[in-house]
Amino acid sequence: MTPTPTGRTARSRETILRAALDLCAEQSYGSVTMEAIAARARVGKPTLYRWWPSKGVLYLDVMLAEVSERFLVLPDTGDIAADLRTWIRGFLDLFAEPRLRALCVGVVGTAQHDPELKAMIRKAIHDPVRARNQSRIAAAQAAGQLPAMDPDLIEDMLISPLWYRLLISEAPLTQEYADSVVAAVVGVSDPGVRETS
C-alpha cells in the first residue's frame with residue numbers, strides 16, 4: 001500500500017488504479033501484467049514499481065480504493081436482523097459488479113500463495129473491519145438478539161457461505177440465499193428475520 005498522494009501524483013495514481021481495475025475485468029486477474037498496466041495508464045513500468053513492489057500489492061490498493069465501507073462494516077440501526085441483511089446484501093452487490101468481482105477473486109486467490117500480500121490484507125482490511133463488527137455483534141448479543149457464541153464464529157458463519165459460492169460452487173448468490181443465511185444465524189424464531197425489506 002502507498003501513502004495517499006496529492007496533486008499530479010494523485011491523478012497519476014488514480015489513472016494507474018483505474019487501468020488496473022479495467023484490465024482485471026477484461027483479461028482476468030491472472031493474465032494482467034505490470035507491463036500491461038503501465039501501458040494502459042501511459043506511465044513507465046519503473047513508476048509502478050516505485051509505488052508498488054508487486055502486482056498483488058497494487059491490486060490491494062485498487063481494492064481499498066473501490067470497496068467502500070458499506071460492503072464491509074456492519075451497520076447499526078438497533079435492529080440486528082435488518083442490519084445483517086443489509087450487510088450481506090452489500091456483499092451481493094459487490095460480487096454482482098463484474099469488475100469488483102474479478103478484483104476480489106484475483107486478490108484473495110493470490111494471497112493464498114503470497115504471505116506478504118495476505119498479511120497486508122489482514123492489516124488493511126480484515127483486522128480493523130472485524131474489530132468494528134465485533135463491537136456491533138457483541139452489543140446485539142448483550143441485547144439478546146444474537147446467540148451467545150464467539151463473535152468471530154458468528155461473522156464467519158455469515159460471510160463464509162457467500163465466499164464459498166463465489167469461489168467454489170458458483171451457485172447463485174441471490175438475495176433470498178443471503179437472507180436465509182442471516183435467518184440461520186439469527187434464528188427463525190425472531191419474526192424480523194422473515195422480513196424481506
Side-chain angles (χ1 to χ4, degrees), residues 1-5 10-74 87-130 132-133 155-175 177-178 181:
M1 296 175 294
T2 58
T4 302
R11 290 191 296 272
S12 295
R13 182 178 182 276
E14 181 178 345
T15 298
I16 292 167
L17 296 180
R18 180 64 55 184
L21 180 60
D22 290 343
L23 285 169
C24 183
E26 294 168 14
Q27 302 181 12
S28 83
Y29 177 90
S31 300
V32 178
T33 64
M34 293 289 268
E35 290 85 355
I37 296 171
R40 176 66 65 91
R42 298 183 179 181
V43 299
K45 191 166 69 170
T47 298
L48 298 190
Y49 283 107
R50 183 165 66 247
W51 289 340
W52 300 282
S54 69
K55 184 178 81 171
V57 176
L58 189 160
Y59 272 103
L60 175 57
D61 267 4
V62 177
M63 182 177 286
L64 290 170
E66 294 292 331
V67 179
S68 68
E69 283 199 351
R70 80 180 182 90
F71 295 128
L72 300 174
V73 179
L74 186 57
W87 184 51
I88 295 298
R89 290 176 188 179
F91 279 92
L92 299 191
D93 293 341
L94 172 63
F95 296 153
E97 210 287 314
R99 296 189 307 166
L100 298 183
R101 181 188 184 106
L103 171 66
C104 291
V105 170
V107 173
V108 171
T110 299
Q112 304 316 298
H113 52 80
D114 185 336
E116 180 182 2
L117 178 60
K118 182 183 290 187
M120 294 176 72
I121 291 173
R122 289 185 63 88
K123 181 178 180 181
I125 299 175
H126 177 273
D127 291 349
V129 168
R130 176 145 291 201
R132 291 173 63 178
N133 288 348
E155 190 166 354
D156 288 346
M157 291 167 63
L158 290 161
I159 294 301
S160 297
L162 306 185
W163 282 103
Y164 182 82
R165 287 201 170 195
L166 177 70
L167 299 173
I168 305 298
S169 75
E170 296 186 339
L173 281 166
T174 64
Q175 181 172 297
Y177 176 72
V181 171

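- Atom CD1 of Ile16 sits about 9.0 Å away from atom CE of Met34, to the nearest 0.5 Å.
- Residue Glu14 qualifies as open at atom CD: its count of foreign heavy atoms under 6.0 Å is 12 or below.
- Take Ser31 and apply the side-chain contact (heavy atoms from CB on, under 4.5 Å) test, not counting sequence neighbours, and it matches Gln27, Ser28.
- Expressed to the nearest 0.5 Å, how far CE of Met120 lies from OG of Ser54 amounts to 7.5 Å.
- Judged by distance alone, with hydrogens and angles left aside, the side-chain atoms of Lys55 form a donor-acceptor pair with the main-chain N or O of Val32 at under 3.5 Å.
- Residues Leu48 and Leu58 share a closest heavy-atom pair of CD2-CD1, 4.4 Å.
- Ring planes of Trp87 and Phe91: perpendicular class, angle over 60° (limits at 30 and 60°).
- Nearest heavy-atom pair, Ala124 versus Pro128, reported as atom, atom and distance to 0.1 Å: O-CG, 3.6 Å.
- In terms of heavy-atom proximity, Ala102 sits nearest to Ala25 at CB-CA, 4.4 Å.
- Note that OG1 of Thr47 and CD1 of Ile37 are 13.0 Å apart. Values are rounded to the nearest 0.5 Å.
- Considering only heavy atoms from C-beta on, Arg13 stays 4.5 Å or farther from Arg18 through its side chain.
- For residues 98-115, the pairs satisfying side-chain hydrogen bond (donor to acceptor under 3.5 Å, both in side chains) are Asp22-Arg99, Tyr29-Thr110, with sequence neighbours left out.
- Using a distance-only test at 3.5 Å, with no hydrogens or angles considered, a donor-acceptor pair links the side chain of Tyr59 to the main chain of Ala20.
- The CD atom of Glu155 sits 7.5 Å away from the CG atom of Leu158 when rounded to the nearest 0.5 Å.
- In summary, Arg40 and Glu26 engage in a salt bridge, as defined by a charged side-chain N under 4.0 Å from a carboxylate O.
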Got a list of side-chain donor-acceptor pairs under 3.5 Å for residues 162-173, not counting sequence neighbours?
from, atom 1, to, atom 2, distance (Å)
Arg165, NH1, Pro172, O, 2.5
Ser169, OG, Ala171, N, 3.2

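- In terms of heavy-atom proximity, Ala65 sits nearest to Leu17 at CB-CD1, 4.3 Å.
- Nearest heavy-atom pair across Ile88 and Ala178 is CG2-CB, 3.3 Å.
- Put simply, the side chain of Asn133 gets close to the backbone of Leu74: a donor and an acceptor are under 3.5 Å apart.
- You'll find the side chain of Val107 stays beyond 4.5 Å of the side chain of Val62, heavy atoms only.
- Summarising the geometry of Gly44 relative to Ala38, their closest heavy-atom pair is C-CB, 4.2 Å, with the distance given to 0.1 Å.
- Here Met63 contributes atom CE and Ile121 contributes atom CD1; the two are 6.0 Å apart, rounded to the nearest 0.5 Å.
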